[in-house]
A.B. asks: 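First the structure, then my questions, so here it is.
Being a predicted model, the structure only gives us computed values, none of them experimental.
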Amino acid sequence: MISAKYGPFFSVAREHQVIFYYVGYFSQHIVAAMADAVKLQLEVAGVAGPTRRKLFSSFIEMAQNIIHYSSDALTPASQPDGELRHGSVCIRREEGGRFLLLCANPIEAGTADDLRTKLEHLRSMTLEEIKQAYRQTLREETPAGSKGAGMGFLTMARDASEPLEFDFDAAQGAAGAPVFYLKAAI
């Protein structure tokens, strides 16, 4: 019976006030369609303008990180655009008007240590230090091999109401690739 298999998923989503969830392959076109749906859903729900902007920009940054860095790709790594990579993103409402954005995607095994270092440093910064680093990064050249010079993490950290949370789970990934989890509270 279909409801026995999929009913628990829908119940958990409702229980956790999930307002948007996508798991699958991400591309620029898919992200654009998701962005339209998220933007409209937040407007219809009456979410305040500043909160909508922060949610939307962090949502886009999470989706872009999946497109650029997920190790589960249908397109070759040498393909610089038109990437199609696997991951998931979730937006859920919490009590008191707060929202959580969560994303997950497999990463190359060697990437976890670099991400951990960047995110731990970011978590130790004050909001003013994050804003200063954001402005400084805007003025600098994008490093070779980077697809955003760390602007995505700085954007999310700037917009979040508390430090970003992250985790790695080696047991979840296929072919030995750990799964990277990121959470931002807005």
Side-chain angles (χ1 to χ4, degrees), residues 5-74 83-107 111 115-116 118-119 122-123 125 127 130-131 134 147-148 150-169 172-173 178-186:
K5 188 171 186 176
Y6 296 105
F9 174 79
F10 290 115
S11 294
V12 168
R14 199 170 321 124
E15 176 187 333
H16 291 281
Q17 298 187 49
V18 172
I19 62 170
F20 185 85
Y21 180 75
Y22 174 80
V23 61
Y25 285 94
F26 284 64
S27 71
Q28 295 299 342
H29 294 295
I30 291 169
V31 171
M34 288 189 302
D36 288 342
V38 167
K39 189 182 289 187
L40 183 59
Q41 194 167 14
L42 295 172
E43 285 176 21
V44 169
V47 177
T51 302
R52 275 196 327 255
R53 182 197 60 76
K54 290 175 182 180
L55 279 166
F56 187 74
S57 67
S58 292
F59 169 79
I60 294 296
E61 293 300 341
M62 285 183 171
Q64 290 298 324
N65 280 343
I66 291 168
I67 290 173
H68 294 310
Y69 301 110
S70 174
S71 63
D72 183 353
L74 290 179
E83 297 158 301
L84 198 57
R85 297 183 186 219
H86 196 272
S88 68
V89 66
C90 176
I91 302 173
R92 62 177 282 243
R93 183 186 301 261
E94 288 199 319
E95 301 301 322
R98 188 172 100 142
F99 292 85
L100 293 181
L101 283 88
L102 304 115
C103 68
N105 61 276
I107 57 172
T111 305
L115 282 173
R116 184 181 315 279
K118 286 179 188 175
L119 288 165
L122 196 56
R123 285 179 52 81
M125 297 169 71
L127 181 57
I130 291 167
K131 289 178 179 179
Y134 181 89
K147 298 181 182 181
M151 291 298 296
F153 289 141
L154 286 168
T155 297
M156 288 183 275
R158 180 195 66 192
D159 290 346
S161 59
E162 58 189 50
L164 299 176
E165 292 183 40
F166 66 95
D167 200 5
F168 302 94
D169 189 348
Q172 291 291 317
V179 174
F180 170 59
Y181 294 91
L182 181 65
K183 178 179 104 174
I186 306 288

A.B. asks: Would a 4.5 Å heavy-atom cut-off, applied to side chains only, mark V89 and L101 as touching?
C.D. replies: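 The answer is no, as the side chains (C-beta and beyond) never meet within the 4.5 Å cut-off.
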A.B. asks: Would a 4.5 Å heavy-atom cut-off, applied to side chains only, mark L119 and F180 as touching?
C.D. replies: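 Result yes, sub-4.5 Å side-chain heavy-atom pair found.
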A.B. asks: Without swapping roles, check the side chain of S70 against the backbone of I67 for a donor-acceptor pair under 3.5 Å.
C.D. replies: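 Checking the backbone N and O of I67 against the side chain of S70, no donor-acceptor pair under 3.5 Å is found.
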A.B. asks: Measuring only between side-chain heavy atoms, which start at C-beta, is E83 closer than 4.5 Å to H68?
C.D. replies: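 They are in side-chain contact.
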A.B. asks: Kindly indicate whether the side chain of F153, heavy atoms from C-beta on, has any atom under 4.5 Å from the side chain of F166.
C.D. replies: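 They are not in side-chain contact.
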A.B. asks: Mind checking whether F59 and I91 have side chains closer than 4.5 Å, heavy atoms only?
C.D. replies: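 Yes; the side chains approach each other to less than 4.5 Å.
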A.B. asks: Do Y69 and T111 touch side chain to side chain, with heavy atoms closer than 4.5 Å?
C.D. replies: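 Heavy-atom side-chain distance check fails, nothing below 4.5 Å.
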A.B. asks: State whether the side chain of R85 and the backbone N or O of S71 hold a donor-acceptor pair below 3.5 Å, judged by distance alone.
C.D. replies: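 Between the backbone of S71 and the side chain of R85 there is no qualifying donor-acceptor contact (under 3.5 Å).
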A.B. asks: Counting C-beta onward and ignoring hydrogens, is there a side-chain heavy-atom pair between D167 and E165 closer than 4.5 Å?
C.D. replies: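 A side-chain contact under 4.5 Å is absent here.
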A.B. asks: For the residue pair L154 and I130, what are the closest heavy atoms and their distance?
C.D. replies: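 Scanning both residues completely, I find the closest heavy atoms to be O-CG2, 3.8 Å.
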A.B. asks: Any chance you could lay out the side-chain hydrogen bond (donor to acceptor under 3.5 Å, both in side chains) test for Q28 and Q64, step after step, and finish with the verdict?
C.D. replies: CA-CA 8 Å; Q28 295 299 342; Q64 290 298 324; 3.0 Å; yes
A.B. asks: I'd like to check R158 versus K54 (side-chain heavy atoms, cut-off strictly below 4.5 Å). Are they in contact?
C.D. replies: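 No - every pair of side-chain heavy atoms lies 4.5 Å or more apart.
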A.B. asks: Would a distance-only check, ignoring hydrogens and angles, find a side-chain to backbone donor-acceptor pair under 3.5 Å from S161 to A185?
C.D. replies: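 Indeed, once roles are kept as given, a pair shorter than 3.5 Å links the two residues.
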A.B. asks: CD1/I186 to CZ/F56 distance, rounded to the nearest 0.5 angstrom?
C.D. replies: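 Interatomic distance, I186 CD1 to F56 CZ, rounded to 0.5 Å: 13.0 Å.
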